[in-house]
Amino acid sequence: MGAPDEAGSRPFRLGVLISGSGSNLQSIIDRLHKGAAAADAGAGDDARAIEVSLVISDNVSAYGLKRAQNNGIPTAVFPMDDYADRVQHDLAMADELEKHGVDLVVLAGYMLIVTPAFLERFPQAVINLHPSLLPAFPGGTPIEDTMDYGARVTGVTVHFVDAGTDTGPIILQEAVEIKYNDTVESLRERIHAVEHRLLPRAIELISEGRVSFDEANPRFVIIS
Ligand code: GAR
């Protein structure tokens with residue numbers, strides 16, 4: 001992970017991976033991209049310029065690609081079917097991200113599992129957003145699974161990505177109450193509202209060098 005002072009005044013560069021609508025990409029653009037952080041009342045003295053340098057999708061019709069293009073952000077599409085296997089696919093993505101000099105890879109509604117070969121290229125610098133309070137309800141349909149279970153509280157997790165599915169060290173979490181008359185859609189809407197705050201906050205903390213690992217327990221992330 002690029003330390004804040006390592007590169008002087010160079011912006012902290014993000015590569016954002018999406019598969020669909022990209023509302024979380026939009027929140028990153030609105031809150032952080034190219035000086036938005038400085039204008040944000042919450043930005044501290046340590047604030048460093050943040051730039052979305054590249055948006056990647058596995059899905060050519062993802063609306064998030066348009067959101068990027070509307071903001072002049074380069075995009076690239078890597079459909080899984082174009083590659084012999086997941087490793088070849090991920091290595092091609094890693095090459096493109098490296099070309100853009102990204103400091104942090106953000107999975108923001110990216111629905112494929114990234115391979116260990118990809119993670120090795122960006123050590124401790126790939127984060128994921130997940131719409132549940134992990135370790136509860138990992139996987140591809142967490143909001144539906146939470147409601148089917150009858151849980152009363154769910155939430156949002158931002159975590160580092162490791163070789164497992166939704167198992168990496170947790171950076172930030174926030175709870176969301178489930179109401180008795182919630183539908184999947186009404187709950188998704190409240191979860192999205194939290195996601196749109198929490199993911200930019202985690203990125204900002206990392207860009208400021210305020211996120212580290214407890215040496216005694218590498219699962220525990222320290223926020224200073
Ligand atoms: C978000 O709710 C994100 O947490 C979820 O996909 C949605 C993408 O929304 N990610 C996962 O479920 C990953 N397992 P968006 O495209 O509007 O940002």
Side-chain angles (χ1 to χ4, degrees), residues 14-33 36 50 52 54-71 73 75-80 86 89-90 93 104-115 118-119 126-149 151 153-178 182-204:
L14 307 177
V16 182
L17 273 54
I18 58 158
S19 294
S21 158
S23 72
N24 282 284
L25 166 66
Q26 189 69 56
S27 80
I28 294 168
I29 294 171
D30 293 346
R31 288 170 186 257
L32 302 179
H33 183 57
I50 295 171
V52 182
L54 177 66
V55 171
I56 285 181
S57 179
D58 58 305
N59 167 15
V60 70
S61 33
Y63 182 65
L65 291 168
K66 286 213 171 52
R67 296 183 193 267
Q69 287 151 9
N70 289 343
N71 286 275
I73 297 166
T75 58
V77 181
F78 291 87
M80 190 58 90
R86 289 173 57 214
H89 172 267
D90 283 9
M93 278 201 314
L104 183 70
V105 179
V106 180
L107 311 187
Y110 183 67
M111 294 317 220
L112 304 179
I113 306 289
V114 293
T115 54
F118 181 85
L119 295 173
V126 183
I127 66 171
N128 182 45
L129 172 69
H130 187 78
S132 78
L133 285 182
L134 291 172
F137 307 110
T141 52
I143 300 179
E144 291 83 348
D145 298 346
T146 308
M147 289 201 69
D148 288 348
Y149 192 88
V153 175
T154 184
V156 173
T157 303
V158 183
H159 65 95
F160 284 105
V161 178
D162 67 7
T165 302
D166 302 323
T167 53
I170 290 168
I171 305 164
L172 294 178
Q173 286 189 305
E174 189 171 315
V176 173
E177 190 190 343
I178 301 175
D182 257 330
T183 61
V184 166
E185 279 321 307
S186 65
L187 180 57
R188 191 189 309 280
E189 205 173 300
R190 293 207 309 290
I191 285 178
H192 263 127
V194 173
E195 289 184 334
H196 296 164
R197 256 190 308 102
L198 214 63
L199 182 59
R201 184 70 192 132
I203 293 168
E204 209 168 34

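Whatever order the structure lists them in is the order used to number ligands and atoms, beginning at 1. Side chains included, hydrogens not; waters and symmetry mates left out as well; all remaining heavy atoms used. In this text, all values refer to a predicted model and were calculated from it rather than measured experimentally.
- The number of heavy atoms from other shown groups lying within 6.0 Å of CD (Gln69) is above 12.
- A donor-acceptor pair under 3.5 Å is absent between the side-chain atoms of Ser57 and the main chain of Ala62, judged by distance alone.
- Distance alone, capped at 3.5 Å, places no donor-acceptor pair between the Arg188 side chain and the Pro131 backbone.
- Within the 4.5 Å cutoff, the side chain of Ile29 has heavy atoms near those of the Leu25 side chain.
- The CZ atom of Arg31 sits 12.5 Å away from atom CD1 of Ile50, with the distance rounded to the nearest 0.5 Å.
- Atom 5 (C) of ligand 1 has Pro131 CD, 3.9 Å as its closest protein atom, hydrogens excluded (heavy atom only).
- Judged by distance alone, the side chain of His196 and the main-chain N or O of Ser27 form no donor-acceptor pair under 3.5 Å.
- Between the side chain of His159 and the main chain of Thr167, no donor-acceptor pair closer than 3.5 Å is present.
- Within the structure, the closest approach of Ile18 to ligand 1 does not fall below 4.0 Å when heavy atoms are considered.
- Looking at atom 10 (N) of ligand 1, its nearest protein heavy atom turns out to be Leu129 O, 3.7 Å.
- Distances between N or O atoms of Asp166 and those of ligand 1 include no value under 3.5 Å.
- Scanning the protein for heavy atoms near atom 16 (O) of ligand 1, the closest one is Gly22 N, 2.8 Å.
- No side-chain heavy atom of Leu198 sits less than 4.5 Å from a side-chain heavy atom of Gln173.
- In terms of N/O distances under 3.5 Å, ligand 1 is not approached by Tyr110.
- At the shortest separation from atom 4 (O) of ligand 1 among protein heavy atoms lies Glu195 OE2, 2.4 Å.
- His130 ND1, 3.5 Å is the protein heavy atom nearest to atom 14 (N) of ligand 1.
- Assignment of Gly140 to the shell around ligand 1 is not supported, since no heavy atom sits closer than 4.0 Å.
- Heavy-atom proximity to atom 17 (O) of ligand 1, evaluated over Ser132, Ser23, Gly20, Ser57, is greatest for Ser23.
- Under the 3.5 Å distance criterion, the side-chain polar atoms of Thr146 are left unmatched by any main-chain donor or acceptor of Thr154.
- Salt-bridge annotation for Glu174 and Arg197: present, with a side-chain N of the basic residue lying under 4.0 Å from a carboxylate O of the acidic one.
- Residue-level proximity to ligand 1 for Arg188 is absent, since no heavy atom of it falls below 4.0 angstrom.
- For ligand 1, the atoms closer than 4.0 angstrom to any heavy atom of Gly139 are 14 (N).
- Residue contacts with ligand 1 do not include Gly64, since none of its heavy atoms lies under 4.0 Å from the ligand.
- Of all protein heavy atoms, the one lying nearest to atom 9 (O) of ligand 1 is His192 NE2, 3.3 Å.
- Protein heavy atom nearest atom 8 (C) of ligand 1, with residue, atom name and distance: Gly109 CA, 3.6 Å.
- Looking at ligand 1, you'll find an N or O of Asn24 within less than 3.5 Å of one of its N or O atoms.
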